[in-house]
Amino acid sequence: MKKLFLTLVLAVMGFTAAMADDATTLVATLSHGGSLKAFYGADAFKSAYDEATDGDVITLSAGRFNTYDFLRKNITIRGLGAWPDANNAMTVLTRGGEVGFYIQDNDNELTVEGIRFLDRVTVSVESGMTEGTCTFSKVYFLNGNSSYNSLGANKEVFLKLNNCATRYNCYIYQGACNNCAFGLYNGSYSSVSSSTSNTPITFQNCVLRGWSSLTELTEDVFTNCLIISNSTSPLDATNLMTNCVGFYCGEVKNEADVDFFANVGNSTNKMVADRATFFKDESILIKDITNGVVTSYTVFDDDLNADGTGLYELSDAAKQIYKGNDGTVVGVWGGAYPFNLKTTNPRLTKCEIVPRVDSSGKLSVTIEVAQ
């Protein structure tokens, strides 16, 4: 704790000095070999990245930072958060185009936490490498509708996603996804793991939104997941599915005829019986009514509230019905690690700095930290 406090004091002191110079609030702190160095302004991340080496940590304040189009270092990039908090603060990385991560083959792992990406993100191994791993935690991939995130191209990267979300399309080739939501806004999700020589993707307590087709979900493992689609075709029989729930949002004469799990041969999966009362926030359901009868539900959950609510949270009644194999609710709010917006980066709740040193040359700093 003493080391943490000293780190925070040094970072805040550098931040205060910068404010006196150029009134900016954008700060990137590079941790390298036990020392800290701060950079300021919209290009602060790029400046910190220039000096970083594999294994270093770059910590970003709230704000919008510019990034390079290609990032080739196995470092840790840690932001304040991917969603606005109560003070509308979050950390954004953007380039105005595609951001590509190239994984190196060494003892360090690329780790990204608490970042919102505005551009399409791709992940692959560096030229000449055969495989690699990386972790994205509490990241929001906000790519455009006309493109998609390709996370682990050509089945070279084992991707670990924890508490992440994508707004539109996302292609994952191999990895493990825990408490993640794919396709928040009229998007789709596509899983490409059809090769028998490839490691299947595992999904634990995830929400997957396949807008028009579920057929690209093949040879993967799903546990305690919520699958939302207007597709009438069942999931491929090659998938292993346990305690999953399907929410059909299309239009048919008899919705009881729709069963996403008809081919997977596991009685623990079920379709939602009462769609109108399934979600806690009824406003995410857009009802199509014909002659006074609801014929379909279009589901929109474009973003999260500052307190973390939203993201397809089930109603209290539904939570008692649709439970996973561990007794908790299906979807991102259940499991061992329910969806949580807070990053491991300490958040300053109070910072008071006297702008002048005392007679002994000391600067008075008061800091309160909330985990």
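Listed for the Asn74 side chain is no donor-acceptor partner under 3.5 Å among the backbone atoms of Gly55. Judged purely by atom type and a 3.5 angstrom limit, Asn224 has no side-chain atom pairing as donor or acceptor with the backbone of Val330. Under the 3.5 Å distance criterion, the side-chain polar atoms of Ser296 are left unmatched by any main-chain donor or acceptor of Glu251. In this structure, Asn239 contributes its side chain and Glu219 its backbone to a donor-acceptor pair below 3.5 Å. Between the side chain of Asn291 and the main chain of Val293, no donor-acceptor pair closer than 3.5 Å is present. For Asp220 (side chain) and Ile201 (main-chain N/O), a donor-acceptor pair under 3.5 Å exists by modelled atom type. No donor-acceptor pair under 3.5 Å is formed between the side chain of Thr202 and the backbone N or O of Val221. No side-chain donor-acceptor contact under 3.5 Å links Thr328 to the backbone of Gly334. The backbone N or O of Asp43 lies less than 3.5 Å from no partner atom in the side chain of Tyr40, so there is not a single donor-acceptor pair. Panel note: side chain Asn66, backbone Arg95; no donor-acceptor pair is recorded below 3.5 Å.
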Exercise. Decide side-chain contact (heavy atoms from CB on, under 4.5 Å) for Leu235 and Phe261; before the verdict, give the C-alpha distance in whole Å, the side-chain angles of both, and the deciding distance to 0.1 Å.
Key: CA-CA 6 Å; Leu235 288 152; Phe261 312 107; 3.9 Å; yes

Quiz item: After noting the C-alpha distance and the side-chain angles of Glu113 and Lys138, does the key distance pass the salt bridge (charged side-chain N to carboxylate O under 4.0 Å, His left out) rule?
Solution: CA-CA 6 Å; Glu113 180 184 11; Lys138 307 174 191 298; 5.6 Å; no

Practice problem: Quick one: do Tyr248 and Thr232 satisfy side-chain contact (heavy atoms from CB on, under 4.5 Å)? Show the steps, please. | Solution: CA-CA 8 Å; Tyr248 173 67; Thr232 58; 3.7 Å; yes

Exercise. Test Phe136 against Phe141 for ring-ring contact (aromatic ring centres under 6.0 Å, His included), laying out the working first.
Key: CA-CA 10 Å; Phe136 287 86; Phe141 299 95; 5.5 Å; yes

Practice problem: Please report the C-alpha distance between Ile115 and Leu60 in whole Å, then the side-chain angles of each, then the deciding distance to 0.1 Å, and finally whether the side-chain contact (heavy atoms from CB on, under 4.5 Å) criterion is met. | Solution: CA-CA 9 Å; Ile115 301 290; Leu60 302 174; 4.0 Å; yes

Quiz item: Between Trp83 and Arg116, does a side-chain contact (heavy atoms from CB on, under 4.5 Å) hold up when you go through it step by step?
Solution: CA-CA 7 Å; Trp83 285 269; Arg116 173 178 289 216; 3.6 Å; yes

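Residues Leu110 and Val57 do not share a hydrophobic cluster, clusters being chains of Ile/Leu/Val/Met/Phe/Trp/Tyr side chains in contact below 4.5 Å. Note: the hydrophobic cluster containing Val99 also contains Tyr49 (ILVMFWY, side chain heavy atoms under 4.5 Å, direct or indirect links). Clustering ILVMFWY residues whenever any of their side-chain heavy atoms sit less than 4.5 angstrom apart, transitively, puts Tyr102 in a cluster other than the one holding Val157. Note on Leu159 and Ile75: same hydrophobic cluster, where clusters join Ile, Leu, Val, Met, Phe, Trp and Tyr whose side-chain heavy atoms are under 4.5 Å apart, directly or indirectly. There is no path of hydrophobic side-chain contacts, each under 4.5 Å, that joins Phe45 to Phe70.
Looking at Asp50 and Tyr68, their side chains do bring a donor and an acceptor atom within 3.5 Å of each other. With hydrogens and angles left out, the side-chain atoms of Ser137 and Asn163 include no donor and acceptor closer than 3.5 Å.
Taking CE from Met271 and CG from Asp257, the interatomic distance works out to 11.0 Å, rounded to the nearest 0.5 Å. To the nearest 0.5 Å, the span separating CD1 on Ile58 from CD on Glu51 amounts to 9.5 Å. For the atom pair Asp69 CG and Glu98 CD, the distance stands at 8.5 Å (nearest 0.5 Å). To the nearest 0.5 Å, atoms CG (Leu71) and CD1 (Ile103) are separated by 9.5 Å. The distance from the CG atom of Asn162 to the CG atom of Asn178 is 5.0 Å, given to the nearest 0.5 Å. Atom CG of Asp105 and atom OG1 of Thr133 lie 9.5 Å apart (nearest 0.5 Å).
Between Leu118 and Val92, the closest side-chain pair of non-hydrogen atoms falls below 4.5 Å. You'll find the side chain of Phe278 stays beyond 4.5 Å of the side chain of Leu285, heavy atoms only. Using a 4.5 Å cut-off on side-chain heavy atoms (C-beta onward), Asn269 and Phe222 make no contact. Contact of the Arg72 side chain with the Glu126 side chain is registered, since non-hydrogen atoms from C-beta on lie closer than 4.5 Å. Within the 4.5 Å cutoff, the side chain of Gln204 has heavy atoms near those of the Thr223 side chain. Residues Asn205 and Val332 have side chains not in contact (no heavy-atom distance under 4.5 Å, counting atoms from C-beta outward). Side-chain contact check for Phe117 versus Thr67: every heavy-atom pair is 4.5 Å or farther apart.
The minimum heavy-atom distance linking Phe203 with Cys225 is given by the pair O-SG, 3.5 Å. Of all non-hydrogen atoms in Ile227 and Phe260, the two that sit nearest each other are O-CE1, 3.6 Å. The two residues Cys206 and Asn179 come nearest to each other via the heavy atoms SG-N, 3.9 Å. Across every non-hydrogen atom of Phe158 and Ala176, the tightest pair is CZ-N, 4.0 Å. When all heavy atoms of Ala44 and Leu26 are compared, the closest pair comes out as CB-O, 4.5 Å. When all heavy atoms of Val258 and Ser231 are compared, the pair lying nearest together is CG1-O, 4.0 Å.
The number of heavy atoms from other shown groups lying within 6.0 Å of OH (Tyr337) does not exceed 12. Other residues, nucleotides and ligands contribute only 12 or fewer heavy atoms inside 6.0 Å of the CD atom of Glu282.
Residues Phe247 and Tyr312 place their aromatic rings such that the two centres sit no closer than 6.0 Å.
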